[in-house]
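Right, one structure below, let's go through it.
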Amino acid sequence: MAHARGFLIAGNWKMNGQSSDGLSLARAVAAGGKGRKADLLICPPATLTKAAADAVAGSGVAVGGQDCHPAASGAHTGDISAAMLADAGCRYVILGHSERRADHAEDDAAVQGKTAAAHAAGLIAIVCVGETEAQRDAGETLSVISTQLRGSIPAAATPENTVVAYEPVWAIGTGRTAIPEQAQEVHAHIRSELAQSFGGSGLQNARILYGGSMKPGNAPDLLCQEDVDGGLIGGASLKAEDFLAIADAADALM
Ligand code: PEP
């Protein structure tokens with residue numbers, strides 16, 4: 001079955017990896033990344049982005065950051081600008097991850113500022129949205145997602161510079177995965193919200209990734225959903241074998 005938008009399989013290493021293990025992981029992904037149909041991306045911690053980009057050069061595997069500051073430069077101790085990520089070899093940046101929203105009190109407006117900065121630096125922003133368990137139980141999932149999308153994505157975003165990641169907070173790092181039908185329901189809603197709120201720029205054609213305990217065992221059933229265009233993978237991206245097995249599942253659907 002051909003998948004019109006093509007799959008993006010993205011690894012979010014979070015705060016894991018030093019030069020020894022992190023670069024071996026990058027090299028192993030690069031070795032298994034050549035000649036694939038799916039696009040592969042690794043997002044190591046900021047300390048490793050440049051070395052990881054060098055390690056995967058020529059393999060087709062892309063490198064991304066995990067956050068950036070909304071300003072282009074200046075007095076922001078400890079922060080990293082989008083241009084710095086681009087300079088270190090990044091093509092993508094993950095923004096608005098639920099761990100950033102929780103640990104650093106990032107709201108939708110902050111994520112929108114970062115996304116605009118990423119676009120200005122020529123990066124593709126992966127904008128994360130997702131409901132908590134309490135919001136799902138209260139029947140608020142779709143309205144929460146709509147609010148996050150409208151608030152976190154700049155009006156000028158395009159399918160070329162923006163990817164959306166649906167990451168139900170209750171499924172991240174918990175071993176609980178949205179069942180494929182739950183994921184498809186929200187992904188279809190995201191696409192329709194993108195058409196309604198950002199239709200002028202064709203954003204409904206953007207790739208929409210699923211994230212939340214995706215593993216080799218559940219990837220085929222999630223990736224075969226009509227509106228699932230790939231995965232944002234945390235834990236399983238730390239093992240090249242598992243990450244590449246998820247990429248195999250994507251390739252098999254293309
Ligand atoms: C994530 O944090 O983006 C994620 C999906 O993590 P995990 O795969 O470990 O649930």
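First listed ligand is number 1; within each ligand, the first listed atom is number 1.
With ligand atoms numbered from 1 in the order given, ligand 1 contributes 7 (P), 8 (O), 9 (O) to contacts under 4.0 Å with heavy atoms of G235. Atoms of ligand 1 found under 4.0 Å from any heavy atom of I172, numbered from 1 in the order shown, are 1 (C), 2 (O), 4 (C), 6 (O), 10 (O).
In the candidate list G234, G175, C128, S237, G234 is nearest to atom 4 (C) of ligand 1, counting heavy atoms.
The part of N12 lying near ligand 1 is the side chain, judged by heavy-atom distances below 4.0 Å. At a heavy-atom distance under 4.0 Å, only backbone atoms of A171 (N, CA, C or O) approach ligand 1.
Below 30°, between 30° and 60°, or above 60°: for H187 and Y166 the angle between ring planes is above 60°, a perpendicular geometry.
Under the 4.0 Å criterion applied to side-chain N and carboxylate O atoms, E167 and R101 are not assigned as salt-bridge partners. Note on D251 versus K37: no salt bridge recorded, every NZ/NE/NH1/NH2 to OD/OE distance being 4.0 Å or above. R150 has no carboxylate O lying under 4.0 Å from a charged side-chain N of D108, or vice versa, which leaves the two without a salt bridge.
In terms of N/O distances under 3.5 Å, ligand 1 is not approached by T174.
Taking atom 1 (C) of ligand 1 as the reference point, the nearest protein heavy-atom neighbour is H97 NE2, 3.2 Å.
Within the 4.5 Å cutoff, the side chain of D229 has no heavy atoms near those of the L8 side chain.
Distances shorter than 4.0 angstrom do not occur between any heavy atom of K215 and any atom of ligand 1.
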